[in-house]
Every structure is written in C-alpha cells, then in structure tokens.
Asks: 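Sending over a structure as structure tokens; questions will come in a sec.
Chain A is the first sequence line, chain B the second, and so forth, proteins listed ahead of strands; every chain is numbered from 1.
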Amino acid sequence: MEYVKVAVEENGEHEFPSGVPLVEVGEKISPKVTRKAVAAQVDGEVVDLNTPLYQSCRVGFVPFEEEDGAKVYWHTTSHVLAQAVKRLYPGARLGIGPPIKNGFYYDFHFPEPISSDDLELIEKEMEKIVQEDLNIEKLVMDKEEALEHFRSQGEAYKQELVEEMQEGESISFYRQGEFMDLCTGPHLPSTGLVKAFKLTSLAGAYWRGSEKNPMLQRIYGVSFPSPKELKKHLQLMEEAKKRDHRRLGKELDLFSLQEEGPGFPFFHPNGMVVWNELEDFWRREHRNAGYQEIKTPLLLNSSLWRRSGHWDHYRENMYFTSIDEQDYAVKPMNCPGAMLVYLSNMYSYRDFPIRIAELGQVHRHELSGTLHGLMRVRSFIQDDAHIFMLPGQVEEETAGIIELIDRFYRIFGFSYEVELSTRPEKSMGSQEMWDRATSILKNVLEDKNISYRINEGDGAFYGPKIDFHLQDCLDRTWQCGTVQLDFQMPEKFDLTYVGQDGAKHRPVIIHRVVYGAMERFMALLIEHFAGAFPPWLAPLQAVVLPLTDRQHSAAGEVVERLKVQEGFRVEGDYRNEKLGYKIREAQLKKIPYMLVIGEKEEETGQVALRQRGKGDLGPVELDYFTGKLRREIEEKIII
RNA sequence: GCUCACGUAGCUCAGGGGUCAGAGCGUAUCCUUGGUAAGGAUAAGGUCACCGGUUCAAAUCCGGUCGUGAGCUCCA
C-alpha cells in the first residue's frame, strides 16, 4: 500500500494510506477541530472535507467562523435553495447562486414570476431537503458532456456558462439527491449540515449583470450552524435598521423627503445645524490648506456643456430648460463653471497650484429605482474643488488631497476603503494620457502605502480617479471622497498659463471632493453615530430641565447664559412634565447633555449634570460644564 | 428604468365589499409641582396616495399613475 505524509496544522506530520479522505485525517489527528469544520484546506486551497489525498501535503480545517468556511456553508445553502425551487417549480431555470458578504443568493427564471409570499413555501421544501440529509458529491465532466446535460435539462443559462469555458477543460459538478449543479465548490459533505437558514428577500437581477439581458428573480438568504446564531444575526440586522438615516432623520427631525420632490430632500432646522457645522469646518480647513472659494450658476447655456463634453457623455443624466429661446442645462457638475472662472484671468506658472473650491449644487437625473434617502438623490451639494497646476505638481497635490481626506474622515471616526478607477468605455482622450494619469495616481497610493482595490473601467469620462468609500449601517459602501485627474478639460477649454519661457502652456487639473456630497456624507454620519452626534455637531448640545415650575426662572438664567453669552445650542424644557419624562425625551432626541435644576441647585448655583448614554454625573459648577463642553466642541471630541 | 412588495391620523401600525374608520405615541386643554428613561383626565386630528373600472354598495376587488422599500443596473 502507498502512503502519503500529511502535515496537519500545529499537530505535526502523520502517515496515511494514499486516497484517505481528508475528514478521516482530521478525525484521527484533531477530532475537535474537525467536528466544527465545514471545509478543509490543502496547501492553502479550500477543498471539500471528503477530498481524497493522493499526495503528501499540508492540511488544515476551516470552521464556519472563518470567512472561507462561511462561504462554503452559504454556498451549499444556495444549492439547497435551488434544489427546493426545482422541486416546487420544475419549469424554473437556474442562473447562478454564489455566497456573498452576508449570506447567499440564487438567480432563477420562473415560468410565472413568484412573489415574496412564496419564499415561505420554498423554505419548507428546503427544510425537507435538509432532513433528507443528502450526500453532496463532486463529479467531473468534459465540456461536451456538460453541454449535453444542460441541453437535455433545458437549462439555457447554465448552457451559456459552459459554452464559454475552454475546450478540454474539466468541468466540476456537485450532486445532492436528484439535484445537480455546475459548481467549482467546495461544499459541505451533506445537506443535513445546514442547520438554520432564512430566505431574506426577493429581488430582480439582470442575467450576468447586464440590463440588456433578461431579468431573473434573485432570492437572498442566510444560514448558520445553529438556530441561535441565525436568530442573533437577524436581531443584529434589526438593530442596524434602527440606525438607518431615513428613520433617524424622521425621529430627530433632521430632514424629510416629500412626494412632491423625489430625490430632492428638505432639510429641517435640526439638519441644517449639522449641515452648517460641516460647512464651517470645511471652510476653515480649506482656507488653511490654501483653497479659495467660488460660486458658479446653476443654469448655464448649452454651448458650455457641448464644449465640456457633457452634452455627448452625460446628457441622459441632465435636466434642460430654455431661456429666451436658447437651450440651457442645469449643471450636473461644477467643473465647466470653474473653467470659466479660470479663463477670466491670465496666469503665470508662479501662481500654481491654484486651488479653487466650490460648495456647488448639482442636479442629476438618476434612475428612479436608485434613489435612497439622502444617500442617493437627484440634487446634491458637492464640496468640490478644482486644482490647476503644472504637470510636475500632480503627485504632490494628489498626496496633499489624500492627506486632507484622511484627516477629515478620522475626525468623524470613519474607516474607509480606497479604489482606483480606470478608463471607462465612454470616455475621451488618448490612451497614453489615460495610462500616464492612471500610473501617477497608482504611484501616489503606493508611496503612501495605502491599500486599494482596482475598479476597472469605472473612471470619469475625462480621467481616472481615486475613490474613498464609507460604510452605512448595513455594511453597504458608498463613494464619498474622490480625486480625479483630468487632462481633457484643459484642452477642451484651451486653458493656458505663461511659463518661464514666456510661452503659453497647458495646465493639469485635479477635480476632488472630500465629503463627496454633503447629503450622502450627512446620511453616513447619521448612521455612523446612530443619531448621537458629538457635541460639535449636535443640533442641541444641552437641554436645561427645571424640576418644578419654581425653578423656571433659575433655569431661564442658565439657558440665557449658555445660549447667549457662551454661544452654545441650548434650550430649556419648561413643559409641565415630571423630570423622568423630560429626561427620557432628551435621551431619545440624543441630546448630549441634560442640566437638571431643582431646589438644591437653585440654592448652590450648580447644575445636576447628566450625559447622554452615561447617566447622572452629579452636581457640577456651571463653569465646569461650559469648560467641558467648549473643549469637546473645539476638539471635536466624540462622546 | 427593471423585478417583487408596500402606501390607513403628525409618527408607528391594526383592520378590511355593507354600522359612524381603530390603537399607541405625539398635539391641545384641565388636574397634578414631581430628583434622573413614560403621572392622570378630556378633546381635536383621516376624501384610507391619486385617477379610472367592477358592484346596489369600494378604504377593502381589478387596472393605471405617483411615491416608498429591498435588490439589479447606474453613481457623489
């Protein structure tokens, strides 16, 4: 008999007969780990637990708790889903069914569209498949066999996938009972191991992600090794929804969305406080970083948009109107306006870099189905800036912007992801320009040791860009900051400067935003803080609570002092309610501080301080409180 | 834009071919003057998103429009 040497992680080297299934190796050497394993690893590659070993190798076992393990678990659950669907709807055609960040999905073409009520029925069938505890086995076919299989089953989508595979490639399948699916795996050894699952939603999804293709129905789900974990996960999702900015926006009276203006948000007084603080902070920081501010018109003649390229590349997103029989467009971007400002002067190379910022309101016609609270709207204010510079200044300027963005995000306590987006299909300019611009951005990121993902073909039509993404309450990411290099606009607008040689030269432009869109950034802030803003942003920083109406005048004096003399955002709650009621209300409004004034405080001149989330802090001198609050505001401390 | 779901009082939601449309919270008035997350009473509030159809009768069933949600596509 032949033997293979198996090195098991942390457990030395052992010999087994050739062809031994991995799971047996595990059971002999580390039974505890193996019992929890959902897959194995052979020389770093994740494989099925029952994979036989024919060569000496290093193995490990992967539990559900590891990302790779969860992926296997969810992937198998998606196969159980597909099997259930095929049993209940034999005419359904299979799309694809991968694991994703928080679960899995499977795409189907149903003969008659199903509705979300049908998910329950499918869950019941899935339960049966789990009860049957079907063995899951891997098999391999060549391309011809695979094609024949799907052709005979009428699985047109699967057939399409196989057709695109290499001739002679061996194609792997997984079978469980009567159900067989094209799949690279790996999978759990049997369906009985799927202990707890839930189908969470039903949605449409284009076949292979292209709107030119038919729309399939996508069923989303999630699963766990125990009902307890599933329940916990679902509870976490519920908790996360409480941080939804649309909900908090209503509860805290920050903003509203009205039927009369889909995608055009209304900001209420509380929301405007946050907004203005964000703008004030932004202006201060940009002044310090050497920016100047401009403002350009919302409506501009169509000739400008033809010149800028927006007419050709961005028209379907623009709004139009006419003035005195001339065509005008509502600006979808601020850059052309900024170009006109640049053109109104002559510049020397000595003037560069020139940093011109604009909190500019843009309107874009986004598809109705994409609108989402403040995150995705049809009118928003970009904290834009256009930097005009010599070609040799690009790297330094880019680095400076990245540092600025990092400083901003850190103050709010955001962590972020970076993407480098390259040339899209619809774009202008030569390939050399694009290559040069892209490699400059890449160099800066690498110099600064920033890890980033490449987003192929997602650049702006005039240049490549570095994007900064933030996460919302459900871990969905949204693009906020962006740095875009542009060699096109200077050409289009014939921008020049006078060089050392006295001749005219072409400057380079960087477009950039830090917040991105004020609306989106605010939405993310609301979710990030769950509505409990740090004092510098909070619409109300403190509320003064008189215990009875005998303290109203004392409370009024404290409010007066804090509000008028110290400049804090403070109100008194003079309603005829008990203290507990007022405290509860202030707590729900997420006001950072509550100052209680009763008989005792009236006598001592102190206030009983209560901090949101921390509870009663006892009596303090008013001066102590003003000092504390002032410091927290100035240093933008997150409490 | 596409797929599925939803739209009832300021908010959160119940109800559902036939009394007069329901609750809690909030609001107003009155009572209560209370020490750290809801004191009590009374009252006001709705063309059941909009338009059409079916029916003796529609908030309820059907169709369309608008809006919203999840997702796809697209994007800050």
Asks: Could you provide the dot-bracket string of RNA chain B, using ( ) for intrastrand pairs, [ ] for crossing pairs and | for bases paired to another strand, with Watson-Crick or G-U pairs below 3.5 Å?
Replies: (((((((..((((....[...)))).(((((.......))))).....(((((..]....))))))))))))....
Asks: Mind checking if A:Y515 touches a base, just sugar-phosphate, or nothing, with heavy atoms under 4.0 Å?
Replies: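 Answer is nothing: A:Y515 stays at 4.0 Å or more from every strand.
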Asks: Check the interface with nucleotides 24-26 of chain B: list each N/O to N/O pair with the protein under 3.5 Å, or write none.
Replies:
from: B:rG26; atom 1: OP1; to: A:Y581; atom 2: OH; distance (Å): 2.9

Asks: What I want to check is whether an N or O donor and acceptor connect the side chain of A:R364 with the base of B:rC75 at under 3.5 Å.
Replies: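 No, the side chain and the base share no sub-3.5 Å donor-acceptor pair.
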Asks: Rounded to whole Å, please give me the gap between NZ in A:K589 and C1' in B:rA38.
Replies: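 The answer, rounded to whole Å, is 14 Å.
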Asks: Would you kindly give the CG-to-P distance between A:N213 and B:rG71, to the nearest whole Å?
Replies: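 For the pair A:N213 CG and B:rG71 P, the rounded distance is 22 Å.
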Asks: Taking atom types as they are modelled, would you say the side chain of A:Y206 forms a donor-acceptor pair with the base of B:rG71 within the 3.5 Å cutoff?
Replies: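 Checked by distance alone, the answer is no.
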Asks: Given atom NE2 of A:H552 and atom P of B:rU33, what is their separation to the nearest angstrom?
Replies: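 After rounding, the gap between these two atoms is 14 Å.
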Asks: Report yes if a donor N or O on one partner sits less than 3.5 Å from an acceptor N or O on the other, where the partners are the side chain of A:R218 and the base of B:rC4; otherwise report no.
Replies: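 No, the side chain and the base share no sub-3.5 Å donor-acceptor pair.
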Asks: For residues 604-617 of chain A, which residues have at least one heavy atom under 4.0 Å from RNA chain B?
Replies: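 Within this stretch, A:A608, A:R610, A:D616 sit under 4.0 Å of the strand.
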Asks: Can you figure out which of B:rA76, B:rU12, B:rU33 approaches the side chain of A:V377 most closely?
Replies: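 For the A:V377 side chain, the nearest candidate turns out to be B:rA76.
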Asks: For the aromatic rings, using the six-membered ring if either is Trp, is the centroid distance between A:F412 and A:H528 under 6.0 Å?
Replies: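 Centroid distance A:F412-A:H528: not below 6.0 Å, so no.
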Asks: Expressed in angstrom and rounded to an integer, what is the separation of A:R550 atom CZ from B:rG35 atom C1'?
Replies: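 These atoms are roughly 12 Å apart.
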Asks: Nearest nucleotide by nearest heavy atom, which residue falls closer to the 5' end of RNA chain B, A:E601 or A:D244?
Replies: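 Whichever sits nearer the 5' end wins; that is A:E601.
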Asks: Indicate whether OP1 or OP2 belonging to B:rA70 is found under 4.0 Å from a side-chain N or O atom of A:R246.
Replies: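 Yes, A:R246 has a side-chain N/O under 4.0 Å of OP1/OP2 on B:rA70.
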